[in-house]
**Q** 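Please see the structure below; I have some questions.
All chains are named by letter (A, B, ...) in the order of the sequence lines, taking the proteins before the strands, and each is independently numbered beginning at 1.
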Protein chains: 4
Amino acid sequence: MRGPGRPRSDQARDAILDAAFQLLEENGLERFTIEGVAARSGTAKTTIYRWWPGKGALAMEALLAHAELTVPTPSTASAVADLRTMLQGIARSFAGATGRVVASIVLAGQNDPATLKVYHEKVVEPRRQRLRDIIERGKSNGEFRGDLHVETLVEAMYGALYTRLLIRFSPLDEAGWMDRHITQLLEGALPRPLCDRKA
Amino acid sequence: MRGPGRPRSDQARDAILDAAFQLLEENGLERFTIEGVAARSGTAKTTIYRWWPGKGALAMEALLAHAELTVPTPSTASAVADLRTMLQGIARSFAGATGRVVASIVLAGQNDPATLKVYHEKVVEPRRQRLRDIIERGKSNGEFRGDLHVETLVEAMYGALYTRLLIRFSPLDEAGWMDRHITQLLEGALPRPLCDRKA
Amino acid sequence: MRGPGRPRSDQARDAILDAAFQLLEENGLERFTIEGVAARSGTAKTTIYRWWPGKGALAMEALLAHAELTVPTPSTASAVADLRTMLQGIARSFAGATGRVVASIVLAGQNDPATLKVYHEKVVEPRRQRLRDIIERGKSNGEFRGDLHVETLVEAMYGALYTRLLIRFSPLDEAGWMDRHITQLLEGALPRPLCDRKA
Amino acid sequence: MRGPGRPRSDQARDAILDAAFQLLEENGLERFTIEGVAARSGTAKTTIYRWWPGKGALAMEALLAHAELTVPTPSTASAVADLRTMLQGIARSFAGATGRVVASIVLAGQNDPATLKVYHEKVVEPRRQRLRDIIERGKSNGEFRGDLHVETLVEAMYGALYTRLLIRFSPLDEAGWMDRHITQLLEGALPRPLCDRKA
DNA sequence: GAGTAAGCGAGACGGTACGTCAAGTCTTACA
DNA sequence: TGTAAGACTTGACGTACCGTCTCGCTTACTC
């Protein structure tokens, strides 16, 4: 049921993606070269160019293939607890090798909108959706305000993650950071009225 | 009181920084080359390498020299209003050419910690400090809760800016987003108690 | 009476040789590629490699199959006249597309002795033999000296042809040059004695 | 009196031409690669491309720089003797390494008219001129016929050389070949009249 | 004012990687 | 078994920049 011709070698494909991911971890994208991937993977440069248009796309696919992007989606009775679990999972993965690779991808994406678009579709959007779902659940069960703007909350939560990853205000693995961040996002900055629930 | 030898040419220096900034705007950092800067500025590569260690440092200095990074620090009676003014100013500057250059620099910094460090010291930290000052003022005058964690709020506010700049969740010049973002950061996500101040 | 399996396709063979000859005419051997022949002929590279060991051999066979190398062998009473007829025929064919292809083949042969050997056997030797025959006839009937060294004359005659073809001292289609060349080869360079037959 | 900038390195130039000549001798032009020359000479590919447009031109210059193309121009009382001396010298040089390189050059020239043109100007034409001079001298002093067509004789003499080099009718170092060839060119092929000077 | 010490432009140098082309081999589906 | 299709490794192509290195020339300060 397949056309004629030698079928694509999965062995080559895997070797390329493995090598690409390793090199991305080791060097970052700046010193990530197609030539290097070819050498490390034992394949030919042409084979790489046959299947990927450039380093951005290759790095992207290497990330998707290898990184543990599949942070578990928690689903307990408490939306707040689920938020904490999920975001801390992402923070953990960003703090390690995956984070370095993600940073590379985003970097590549600046001059390669196609790659950034794929990253959005495959990584960012699915996660945002899961976050949205949890928040909506929180709105339904009264954990959150009914007039909460979901997108804005999502953005604020992700924003801190990506900013620590890329701008490095402070380390991603700082103890208690994520917890404190979430708490304050939820509680806001304004003074509590006298009859505050915590009063 | 200066040693012997021909003094450094300010004309060359300016021509280099001008050319660098232009090329950064036009091409992003990926296609930003020392060779290109030399050609555009009419100087010799040697001259560039004499004064800057690499493209990261040059780009950094070109940014600092040209971009209107000096957003005015507002100082009215209302800390909340000042926050809005300041952050909207930054958003505006990020939405234009400066934003593209900043993105380039920050991402280049992923593989060039020295450059990123300079960016922190010269750009990020001063702004964060101004933000902290405003927030502290708000705490003092009762606009904000007394137990507010200032750093966390600063990070949340900047996070959204940088994330829109780098990850491009949504455009930086979307009408009203900054306002909405700030409002929600201040109000939090939890339900308002019955005796809410707005009730 | 043939073994099992699909028989060789003459259609493919012809398409390959046609395409090869066309490409040889168009580009010369330098830019003559097996890949190009496969594309132009609509066959697979595999098929070409199954039947020919390399580009030299293929070009050779394409030449033999298509070029009008079969200059008519004249045979009149006058050996001298026959020589002129034959050599002028070859000159004419060398002056056109065939000449370019022959030049390609011969020069390719510099690094591919097998191909050059085939060219000798299939093209050069038969023609030289015909030339020898004519000259021998001339010796028999008194047109030429009895102690003439035939091989040397053959070589002198061919030499001029190939040299114009390959070194391009002068164009192959220069009017009258072949005639003049033959005449002088026959008459020699020495002064005519007083009782010269023309005296 | 030289412009600014680092002067061209003669060391690099010589290393390149040496390496090129060696590789030409070893492999012929077919397997002669710029990459190989760079490796052998210890220079960078870019340096080669800076000074030579392609392999044809490089091979050409390597030949001119190294080959003993300066066959001595004899000048004795006898033009015939001088012809023999000169042509035998060329034959000797063609029979060795120089010959292989010359063959390569001519080959390259088929698809690179500029290279062939240089070869004409620098090698072929000077030699032809020297041959012409000798022949004219022979005409003047009565060794040759007064109505001898000089160009044709030159061509016939060279033709045999290049043809043996390229077509390989017979080896260039066959004993006595050149002598016999010259003799017959001079004496012609026609029967000697009764009062022939040799009679 | 001669000497000396930088800075400057130009541009050649050894390199690395680029993205492309073709070579020749191999593996499939189909005839 | 032959053929078209097409993926594979290999190796060279010619180009773009890298960062370094002479050069000749231009300013200064210093003796």
**Q** Considering residues at least two apart in sequence or located in another chain, which fulfil the side-chain hydrogen bond (donor to acceptor under 3.5 Å, both in side chains) criterion with K45(B)?
**A** E35(B)
**Q** Indicate the atoms forming the closest heavy-atom contact of R40(A) with L23(A), along with that distance.
**A** NH2-CD2, 3.3 Å
**Q** Give the rounded distance in Å between these two atoms: CZ of R31(B) and P of dC18(E).
**A** 16 Å
**Q** So, is the end of the R13(C) side chain (NZ or CZ) under 6.0 Å from the ring centre of W51(C) and within 45° of the ring's axis?
**A** no
**Q** Rounded to whole angstroms, how far apart are CZ on R40(A) and P on dA17(E)?
**A** 13 Å
**Q** Roughly how far, to the nearest 0.5 Å, is the CG atom of L63(D) from the NZ atom of K122(D)?
**A** 12.0 Å
**Q** Please report the distance, rounded to the nearest Å, between CG in L23(A) and C1' in dA17(E).
**A** 14 Å
**Q** Using whole Å, report how far CG of L58(B) lies from P of dC17(F).
**A** 15 Å
**Q** Rounded to whole Å, please give me the gap between CD1 in I16(A) and C1' in dA7(F).
**A** 11 Å
**Q** What are the two closest non-hydrogen atoms of A59(B) and L24(B), and how far apart are they?
**A** CB-CD2, 3.6 Å
**Q** I want to confirm an ordering. Mapping I34(D) and F32(B) to their closest nucleotides on DNA chain F, which one lands closer to the 5' end?
**A** I34(D)
**Q** Protein within reach of the bases, or only the backbone? For nucleotides 5-10 of chain E, mark each nucleotide 5' to 3' as B, S or -, using heavy atoms under 4.0 Å.
**A** BBBBBB
**Q** Provide, to the nearest angstrom, the distance between the CD1 atom belonging to I48(C) and the P atom belonging to dG2(F).
**A** 16 Å
**Q** Over how many whole Å does the gap from E30(A) atom CD to dC18(F) atom C1' extend?
**A** 12 Å
**Q** Does a salt bridge link R100(B) with E26(B), judged by any charged N lying under 4.0 Å from a carboxylate O?
**A** no
**Q** Measure the distance from OH on Y49(A) to P on dT20(E) and round it to the nearest whole Å.
**A** 7 Å
